[in-house]
Amino acid sequence: MLGSEVYAVVARIPPGKVATYGQVAELAGYAGRARQVGYALAALIDDAGVPWHRVINTRGQVSARSHTKLHELQRHLLECEGIVFVNDRVDLDESRWQPDEPWAGGDD
DNA sequence: GCAGTGACTAGTA
DNA sequence: ATACTAGCCACTG
């Protein structure tokens, strides 16, 4: 299940930082499958406890959903986290999560 | 198994 | 800068 790995990676994204789908996908072991990451995240939202809002696209923008207003919530949450939105987008150069040690701590 | 869809990304014009 | 195309692959009917 994509969700399980995506869950683990997203859960490691620190507050005040954001990660891209491709980044999460790669760390989760699904490099190149960014799309499936987004798909999996949608399922994770149904479950709670995952900072899914810290996952955005490579443009630094929150990706629009199909029917929900979750993207508005996502931006709000990110602003609360300390993310700075400029022209409706995030400065990835500053706010992008740079996992020096993606599995730091080993494995819990 | 086939076709359609989707919270994506990179390339080309 | 935007618009369009192609590739990616899991989920659903």
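Convention: sequence-line order gives letters A, B, ...; per-chain numbering from 1. Since this is a predicted model, take the numbers as computed values, not measurements.
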Task: Nearest heavy-atom neighbours spanning A/R12 and A/W97 - done: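 The pair with the smallest heavy-atom distance is O-CZ2, 3.6 Å.
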
Can you check the [X] [atom1] to [N] [atom2] distance for me, whole Å?
X: A/L27; N: B/dC8; atom1: CG; atom2: C1'; value: 16 Å
X: A/Q36; N: C/dA10; atom1: CD; atom2: P; value: 6 Å
X: A/Y39; N: B/dG4; atom1: OH; atom2: C1'; value: 12 Å
X: A/E5; N: C/dA10; atom1: CD; atom2: P; value: 14 Å
X: A/L41; N: C/dA10; atom1: CG; atom2: P; value: 15 Å
X: A/Y30; N: C/dG7; atom1: OH; atom2: C1'; value: 19 Å
X: A/E26; N: B/dC8; atom1: CD; atom2: P; value: 18 Å
X: A/H71; N: B/dC8; atom1: NE2; atom2: C1'; value: 17 Å

Task: No-H, no-angle donor-acceptor pair, A/R33 side chain to C/dG7 base, under 3.5 Å - done: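 Flag unset: no donor-acceptor pair detected.
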
Open item on the list: Mind checking if A/A64 touches a base, just sugar-phosphate, or nothing, with heavy atoms under 4.0 Å?
Closed with: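 A/A64: backbone/sugar contact only, no base atoms under 4.0 Å.
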
Task: Within-4.5 Å side-chain heavy-atom neighbours: A/V10 and A/V24 - done: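 Answer yes - side chains close enough.
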
- [ ] May I ask you to test the A/L78-A/I56 pair for a side-chain heavy-atom distance under 4.5 Å?
- [x]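 A side-chain contact under 4.5 Å exists here.
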
Task: Residue pairs involving residues 80-89 of chain A (criterion side chain to side chain donor-acceptor pair (under 3.5 Å); sequence neighbours excluded) - done: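 Passing the test, one end in residues 80-89 of chain A: A/R54-A/E81, A/R75-A/D88.
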
